Amino acid sequence: MSNLNFVEEMRWRGMLQDMMPGTEEKLNAGMCSGYIGFDPTADSMHVGHLMQVMTLIHFQRAGHKPFALVGGATGMVGDPSGKSAERNLLDEETLNKNVTGLHNQLEKFLDFNCGANSAVMVNNYDWFKGFSFLNFIRDVGKHITVNYMMAKDSVKKRLEGESGMSFTEFTYQLVQGYDFYYLWKHHGISIQMGGSDQWGNIVTGTELIRRKDGGEAFALTTQLIKKSDGTKFGKTESGAVWLDPQKTSPYKFYQFWLNASDDDVKSWIRIFTLKTKAEIEALETEHNAAPHLRVLQKALATEITIRVHGETELNKAIEASAILFGASTADALAQLDEATFLDVFDGVPQSHVTLHDLNAGINLVDLLADKTQIFPSRGEARKMITGGGVAVNKQKIDNPETLVNTDHLINGKYIIAQKGKKNYYLIIVE
RNA sequence: GGGGAGAUUCCAGAGCGGCCAAAUGGGACGGACUGUAAAUCCGUUGCGAGAGCUUCGAAGGUUCGAAUCCUUCUCUCCCCA
């Protein structure tokens with residue numbers, strides 16, 4: 001056993017929400033196997049999943065054996081927890097693709113080759129695919145009453161709501177409950193963890209284990225991640241923040257964490273980094289002494305970006321940030337070699353313009369509204385330019401009649417347009 | 001099945017024959033300030049450089065003139081059976 005105590009760790013990091021009685025004692029008594037389920041609703045995890053991943057990491061670091069369950073089967077049913085409407089079902093092909101994607105990502109976080117407490121990945125489709133409906137309702141359904149299932153919050157809310165709930169979704173908690181039973185029976189897993197919205201589903205599992213085999217199993221849930229401004233964690237204007245670099249560039253990923261508010265960063269750094277309590281407190285002192293330097297945000301963004309994307313990508317993201325937000329000028333842009341330049345503007349919306357148009361010189365409004373769709377209308381482009389909200393190659397332009405020509409090209413083929421401070425557009429000339 | 005209320009620009013919500021491209025609030029987007037923050041303040045928020053043009057659930061109609069009046073249709077909500 002490691003000298004780290006899992007529950008203590010979760011507690012001081014503010015990750016722990018609730019445990020079943022006896023859970024802590026069980027965990028302190030020796031190595032336990034525990035699991036968390038991941039729903040394959042997409043082929044990549046987003047930052048919202050990271051809390052669960054971190055939980056598994058702590059679990060493993062404390063000497064326990066973590067299992068990650070990918071819900072190939074449950075994904076076909078749809079978890080009603082926290083959902084106000086019936087979910088769309090994914091087809092099997094998409095589901096398989098998603099399962100593979102999640103699998104690959106999880107492997108980056110957990111150690112799958114470290115002896116006794118190596119992490120293990122399981123897919124519940126493996127034990128559900130051959131399980132017939134009749135056998136299921138006979139062997140599993142028999143042990144849980146409808147009254148019990150109806151009493152769950154996730155079900156109650158939907159019954160009271162407008163849209164109702166299909167039998168499929170109603171069954172979800174049983175299917176997930178059986179996962180727990182199966183893993184308990186065949187892999188000796190005694191604890192299921194998950195977000196606080198999973199409490200009901202997890203408890204159905206422990207109940208099933210108790211009623212079916214008289215066994216004992218435990219539950220532990222994590223806190224919901226809160227944001228001080230009340231908005232949902234993990235979403236930006238452009239949607240969810242994914243771990244997959246194809247979906248969210250490492251630069252955007254880094255920026256997401258760097259932009260954490262002062263209030264949020266104090267809890268996030270505990271949740272999303274493995275820094276010790278002493279290290280975090282030292283950083284906080286430093287942060288409070290000079291808040292504008294955002295020591296905490298930088299530490300958080302750095303550690304988590306390395307974990308997800310690696311050090312090379314982190315350095316690129318930092319470099320890109322310096323160019324985009326630092327006091328960089330058209331000169332600095334021009335000095336970048338093409339590869340770095342493209343890296344910096346990776347993930348920035350692109351548009352194309354012909355060299356022919358540019359040779360003649362294009363009126364800025366025409367360029368931004370007609371040639372590219374950076375602005376939806378000419379009037380809007382004009383207003384924004386006049387209002388001082390537009391820059392070309394980091395240089396502010398407030399005259400809508402300005403002509404853009406080949407003199408503005410960077411590396412002979414690019415123009416950077418900026419709408420406001422944060423919105424960059426790459427115009428490629430060809 | 002019977003009775004009532006309503007549908008307005010991103011949202012909420014005024015307007016009830018010309019002064020309405022449509023109050024006000026919110027949101028969004030810009031600007032200043034700042035820490036790539038919060039708060040605050042300022043500006044923009046149908047298209048158009050402008051004249052002007054197209055919008056107020058849909059289609060018709062009355063009128064010199066309609067978001068506003070009439071007819072039909074579609075949809076929403078509420079009450080009763």
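Within every chain, numbering begins at 1; the chains are lettered A, B, ... in the order of the sequence lines, protein sequences first and strands thereafter. Remember, predicted model here, so these are calculated numbers, not experimental data.
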_What is the distance, to the nearest angstrom, from the CG atom on L296(A) to the P atom on A37(B)?_
17 Å

*Once you round it to whole Å, what is the distance between P of A37(B) and NZ of K298(A)?*
13 Å

*Just to confirm, is there a sub-4.0 Å distance from OP1 or OP2 of A32(B) to any side-chain nitrogen or oxygen of K396(A)?*
yes

*Watson-Crick/G-U partner (both atom distances under 3.5 Å) of G1(B)*: C80(B)

_Euclidean distance for C1', U24(B) against G65(B) (whole angstrom)_ = 27 Å

*Figure out the CG/C1' separation between D262(A) and U34(B), and round it to whole Å.*
12 Å

_Spacing of the C1' atoms in C33(B) and U54(B) (rounded, Å)_ = 40 Å

*Can you tell me, in whole Å, how much space there is between the P of U9(B) and that of G2(B)?*
31 Å

_Partners passing ring-ring contact (aromatic ring centres under 6.0 Å, His included) against F67(A) (at least two apart in sequence or in another chain)_ = H187(A)

_I need the CD-P distance between Q255(A) and A37(B), as an integer number of Å._
10 Å

_Span that lies between the C1' atom of A66(B) and that of C77(B), in whole angstrom_ = 27 Å

*Between A28(B) and C19(B), how far apart are the P atoms? Round to whole Å, please.*
33 Å

_Any strand: nucleotide that pairs with A12(B) via Watson-Crick or wobble, under 3.5 Å_ = U24(B)

*asked:* I'd like to know if D366(A) and R378(A) make a salt bridge, using a cut-off of under 4.0 Å between side-chain N and carboxylate O.
replied: yes

*ring pair (Phe, Tyr, Trp, His ring centres under 6.0 Å) between F272(A) and F233(A): does it pass, once the steps are laid out?*
CA-CA 13 Å; F272(A) 297 110; F233(A) 169 78; 5.7 Å; yes

*Strand-adjacent residues in residues 369-390 of chain A, judged by heavy atoms under 4.0 Å from RNA chain B*: S377(A), R378(A), G379(A), R382(A), K383(A), M384(A), G387(A), G388(A), G389(A)

*How far apart are the closest heavy atoms of Y254(A) and T302(A), and which atoms are they?*
CE1-N, 4.3 Å

*For C53(B), which nucleotide in any strand shown is its Watson-Crick or wobble partner with both distances under 3.5 Å?*
G46(B)

*For H287(A), what residues pass the ring-ring contact (aromatic ring centres under 6.0 Å, His included) criterion, not counting sequence neighbours?*
none

_Distance, rounded to the nearest Å, where K419(A) contributes NZ and U44(B) contributes P_ = 18 Å

_Rounded to whole Å, please give me the gap between NZ in K422(A) and C1' in G35(B)._
11 Å

*asked:* What's the closest nucleotide to the side chain of K421(A) if the choices are G35(B), U36(B), G31(B)?
replied: G31(B)

*Between atom CG in L368(A) and atom P in A49(B), what is the gap in whole Å?*
14 Å

*May I ask you to say whether R382(A) pairs ionically with E401(A), meaning some side-chain N is under 4.0 Å from a carboxylate O?*
yes

*Counting any heavy atom closer than 4.0 Å, what does L258(A) reach on the DNA or RNA strands: base, sugar-phosphate only, or nothing?*
base

*asked:* If you take the centroid of each ring, where Trp contributes its six-membered ring, are Y251(A) and Y424(A) closer together than 6.0 Å?
replied: no

*Compare side-chain N and O positions of N363(A) against OP1 and OP2 of A49(B) and report whether any pair is under 4.0 Å apart.*
no

*Kindly indicate, with the supporting measurements, whether the criterion side chain to side chain contact (heavy atoms under 4.5 Å, CB included) is fulfilled by Y178(A) and I144(A).*
CA-CA 11 Å; Y178(A) 180 75; I144(A) 300 288; over 6 Å; no

*asked:* Taking G61(B) as the reference, what is the distance to U68(B) when you measure between their C1' atoms (whole Å, please)?
replied: 15 Å

*In whole angstrom, give the distance that lies between atom CH2 of W257(A) and atom P of A37(B).*
18 Å

*Who does U62(B) pair with, Watson-Crick or G-U, both distances under 3.5 Å?*
none

*Decide yes or no for Q350(A) and F345(A): does some side-chain heavy atom of the first lie under 4.5 Å from some side-chain heavy atom of the second?*
no

*Considering Watson-Crick and G-U wobble pairs with both distances under 3.5 Å, what does C75(B) pair with?*
G6(B)

_G50(B) versus U45(B) - spacing of their P atoms, nearest Å_ = 11 Å

*For H292(A) and for G420(A), find the nucleotide of RNA chain B with the closest heavy atom, then tell me which residue's nucleotide is more 5'.*
G420(A)

*Looking only at atom P, what distance separates A22(B) and C53(B), rounded to whole Å?*
15 Å

*asked:* Under a 3.5 Å cut-off for both contacts, is A38(B) paired Watson-Crick or G-U wobble with anything, and if yes, with which nucleotide?
replied: none

